[in-house]
2 protein chains.
Amino acid sequence: MDPHLLRTYVTVARLASFSAAARELGYTQSAVSQHIAALEQDLGAPLLTRRPVTPTAAGERLLEHVGPLLLRLDAARADVARMAAAPAHGLTLAATPTALGPGILGALPAAGVTLRVLTRDEIPAAVATGTADLGLVDGLAAPSDPLRLPDVAPLTTHGVAEEPVSVLLPAGHPLAGRTGLRLGDLADARWLDAPDAALPLAQLRTAGGGGAFRPSVRYEGTDLRTLTALTAAGHGLTLLPRSTATGAAGTVAVPLTAPRVVHRTELLHGGAPSGAAAELVRRMVDGG
Amino acid sequence: MDPHLLRTYVTVARLASFSAAARELGYTQSAVSQHIAALEQDLGAPLLTRRPVTPTAAGERLLEHVGPLLLRLDAARADVARMAAAPAHGLTLAATPTALGPGILGALPAAGVTLRVLTRDEIPAAVATGTADLGLVDGLAAPSDPLRLPDVAPLTTHGVAEEPVSVLLPAGHPLAGRTGLRLGDLADARWLDAPDAALPLAQLRTAGGGGAFRPSVRYEGTDLRTLTALTAAGHGLTLLPRSTATGAAGTVAVPLTAPRVVHRTELLHGGAPSGAAAELVRRMVDGG
DNA sequence: ACGGTCGATAAGCGTTGCTGATGGAGTGGG
DNA sequence: CCCACTCCATCAGCAACGCTTATCGACCGT
């Protein structure tokens with residue numbers, strides 16, 4: 001169970017080819033073949049079918065483990081290296097688009113920060129592996145409940161903001177005049193499925209809402225502007241934190257009253273934030 | 001970052017001795033020394049101070065990673081091996097004491113089951129590494145919310161039971177006559193700290209309650225009988241699921257009305273439960 | 001039928017990683 | 001105060017591992 005063997009295993013599985021994996025990893029085809037053979041002998045079960053190269057049932061199970069495993073390994077290496085390396089000057093902050101509300105943006109220093117917009121799942125990984133110094137993740141949660149984050153590594157989290165959630169409707173929508181909406185009122189509505197830009201509907205199901213949603217258009221970008229435009233054009237409703245929902249052209253933001261969930265933003269960092277990062281953490285946590 | 005190196009690193013750190021670790025691992029002292037040297041060179045930072053042998057700051061960070069890492073590695077190996085191995089006849093079920101309520105016990109088959117009582121943290125690990133075929137974990141959660149489990153491996157969870165939570169008071173307690181109690185009413189009470197037997201108070205804080213608790217006696221066993229006896233003797237209050245709280249001699253169980261949390265039990269299993277385990281899963285999930 | 005590609009296997013060889021021995025450093029006892 | 005003991009680091013030697021090169025059988029398209 002050498003990490004090297006696991007790494008070649010995942011590349012072989014991904015490329016569905018021993019030779020291609022060898023090329024990508026800088027090995028010989030023979031070496032890759034021996035790697036896989038060694039793994040299969042070690043685990044006592046065939047992992048791949050040859051010709052075509054496809055994971056077996058056991059191989060599929062292994063694949064589910066290896067990703068997080070290698071991630072954690074990288075995280076450990078990065079975490080230790082961070083303590084030895086000289087503190088870098090630049091500070092990179094990974095965040096989801098909806099986490100960057102006005103309150104957060106106001107707390108940023110005037111210069112020296114690199115913002116990197118990532119998926120919710122990518123942010124803990126980026127912080128753990130040192131790709132980013134700090135992370136901002138947001139999501140839906142019961143009031144004062146922490147978010148459920150994948151624990152790829154021992155990360156420290158601080159809640160930095162909580163605000164109400166709004167439903168974004170096109171201006172002419174029959175419910176646009178309401179002062180508040182229950183999710184039950186919207187059982188038959190069509191929702192935009194935009195996991196990287198809006199708040200993911202799937203979180204609502206775990207956070208207490210029930211029932212199945214009917215997604216219409218799926219939007220895989222991270223631009224809030226086009227997202228609100230899609231809603232304005234009638235392609236579906238969107239769930240957004242109130243501050244980012246209000247004021248979008250052609251839309252109306254109505255507070256969500258039930259289930260009682262809030263949009264929560266959390267700041268994430270590894271063990272020992274260096275100078276500039278530590279200062280930013282202090283400012284954000286104290287401020288919020 | 002060979003797993004072997006990591007394994008010797010943790011043993012050295014645990015035993016605070018190169019030679020002792022070598023003895024335990026079946027290596028020479030020289031080999032252990034070289035392992036640590038290799039790790040330190042690979043990571044670019046000293047991990048241990050010698051004489052006395054103590055983790056450095058970087059070493060401490062590494063230690064936090066290595067435990068889960070090796071656990072996941074074992075889990076992956078066990079998971080794959082499980083698919084190749086012949087299905088065992090015996091079925092072992094790991095559970096917390098409070099998870100074994102009457103409803104659960106009734107669903108067990110008449111014979112062929114080994115029950116193993118473990119800590120909440122140990123159960124996911126046991127299921128992941130194949131030490132147990134199935135796991136039953138319980139805890140406090142908002143109604144219909146899933147529990148927060150450490151994700152040591154991709155495990156499947158099914159909610160199997162939810163029931164109200166009761167506060168266990170000694171029979172003569174001033175609040176014993178109440179029909180319901182708010183946590184606020186008990187702000188000044190003394191609580192038994194029994195993380196392995198009762199419901200851990202710490203979970204309440206994340207589940208919505210606030211404030212600090214004043215633990216009195218700490219009980220590290222898993223026997224509910226002595227736990228209720230401790231409460232009856234006035235050593236502190238205990239939080240228990242209603243069905244296990246009622247009827248204990250010398251105590252009164254009063255429902256907890258606020259915060260609105262329930263005692264939730266979840267069934268855990270790995271990817272491919274074998275015959276007997278699969279049947280038990282089906283029965284429990286359908287029944288609940 | 002035949003070149004081309006793919007993965008498995010054998011042989012050769014450099015490197016790794018172990019053992020055993022030795023040395024310097026700190027420690028406790030006589 | 002010195003000696004014996006323990007601890008970890010280091011060195012030399014050797015076996016085993018892991019890579020490459022080379023070759024083979026199987027499959028595919030032409």
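In this text, all values refer to a predicted model and were calculated from it rather than measured experimentally. Chain naming here is simple, since letters A, B, ... match the order of the sequence lines and numbering starts at 1 in each.
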Q.
Assess, by modelled atom type and distance only, whether the side chains of B/Thr129 and B/Thr131 contain a donor and an acceptor separated by less than 3.5 Å.
A. yes
**Q.** Side chain of A/His35 (C-beta onward), nearest among D/dC19, C/dC6, C/dA8
**A.** D/dC19
Q. Under 4.0 angstrom, heavy atoms only, what part of the nucleic acid is B/Val32 near: base, sugar-phosphate, or nothing?
A. nothing
**Q.** DNA chain D contacts made by residues 9-19 of chain B, counting heavy atoms under 4.0 Å
**A.** B/Ser17, B/Phe18, B/Ser19
Q | Check: B/Asp196/B/Thr222 side-chain N/O donor and acceptor closer than 3.5 Å | A | no
Expected list for residues 54-70 of chain A: side-chain donor-acceptor pairs under 3.5 angstrom, two or more places apart:
unit_1: A/Thr56; atom_1: OG1; unit_2: A/Pro46; atom_2: O; d: 2.9
unit_1: A/Thr56; atom_1: OG1; unit_2: A/Leu47; atom_2: O; d: 3.2
unit_1: A/Thr56; atom_1: OG1; unit_2: A/Ala58; atom_2: N; d: 3.4
unit_1: A/Thr56; atom_1: OG1; unit_2: A/Gly59; atom_2: N; d: 3.1
unit_1: A/Arg61; atom_1: NE; unit_2: B/Asp79; atom_2: OD1; d: 3.4
unit_1: A/Arg61; atom_1: NE; unit_2: B/Asp79; atom_2: OD2; d: 3.1
unit_1: A/Arg61; atom_1: NH2; unit_2: B/Asp79; atom_2: OD2; d: 2.7
unit_1: A/His65; atom_1: NE2; unit_2: B/Asp79; atom_2: OD2; d: 2.7

Q: Could you tell me whether a side-chain N or O of B/Arg148 sits under 3.5 Å from a main-chain N or O of B/Pro146, the two making a donor and an acceptor?
A: no
Q) So what is the end-to-end bend of the helix from C/dA1-D/dT30 to C/dG30-D/dC1, with 5 pairs used at each end and the value given to 10 degrees? A) 20°
Q: Could you check whether the rings of B/His35 and B/Tyr27 sit parallel, tilted or perpendicular, using 30° and 60° as the cut-offs?
A: perpendicular
Q | Full working for side chain to side chain contact (heavy atoms under 4.5 Å, CB included) between B/Leu268 and B/Leu134 | A | CA-CA 6 Å; B/Leu268 253 116; B/Leu134 297 174; over 6 Å; no
Q. Considering only D/dC19, C/dA8, D/dC8, which nucleotide approaches the side chain of A/Arg50 most closely?
A. C/dA8
**Q.** Heavy-atom donor-acceptor pair, A/Arg120 side chain to A/Val137 backbone, under 3.5 Å
**A.** no
Measure all distances between protein nitrogen or oxygen atoms and nitrogen or oxygen atoms of nucleotides 19-24 of chain C, and list the pairs falling under 3.5 Å.
unit_1: C/dT19; atom_1: OP2; unit_2: B/Thr28; atom_2: N; d: 3.0
unit_1: C/dT19; atom_1: OP2; unit_2: B/Thr28; atom_2: OG1; d: 2.1
unit_1: C/dT19; atom_1: O5'; unit_2: B/Thr28; atom_2: OG1; d: 2.9
unit_1: C/dT19; atom_1: O4; unit_2: B/Gln34; atom_2: NE2; d: 3.1
unit_1: C/dG20; atom_1: O6; unit_2: B/Ser30; atom_2: OG; d: 2.8

Q: Would you mind checking if B/Asp42 and A/Arg77 are paired as a salt bridge, meaning a charged N to carboxylate O distance below 4.0 Å?
A: yes
Could you go through nucleotides 28-30 of chain D and list every protein N or O atom that sits under 3.5 Å from one of its N or O atoms, giving the distance for each pair?
none

**Q.** Under the side chain to side chain donor-acceptor pair (under 3.5 Å) test, residues paired with B/Thr119 that sit two or more places apart
**A.** B/Glu122
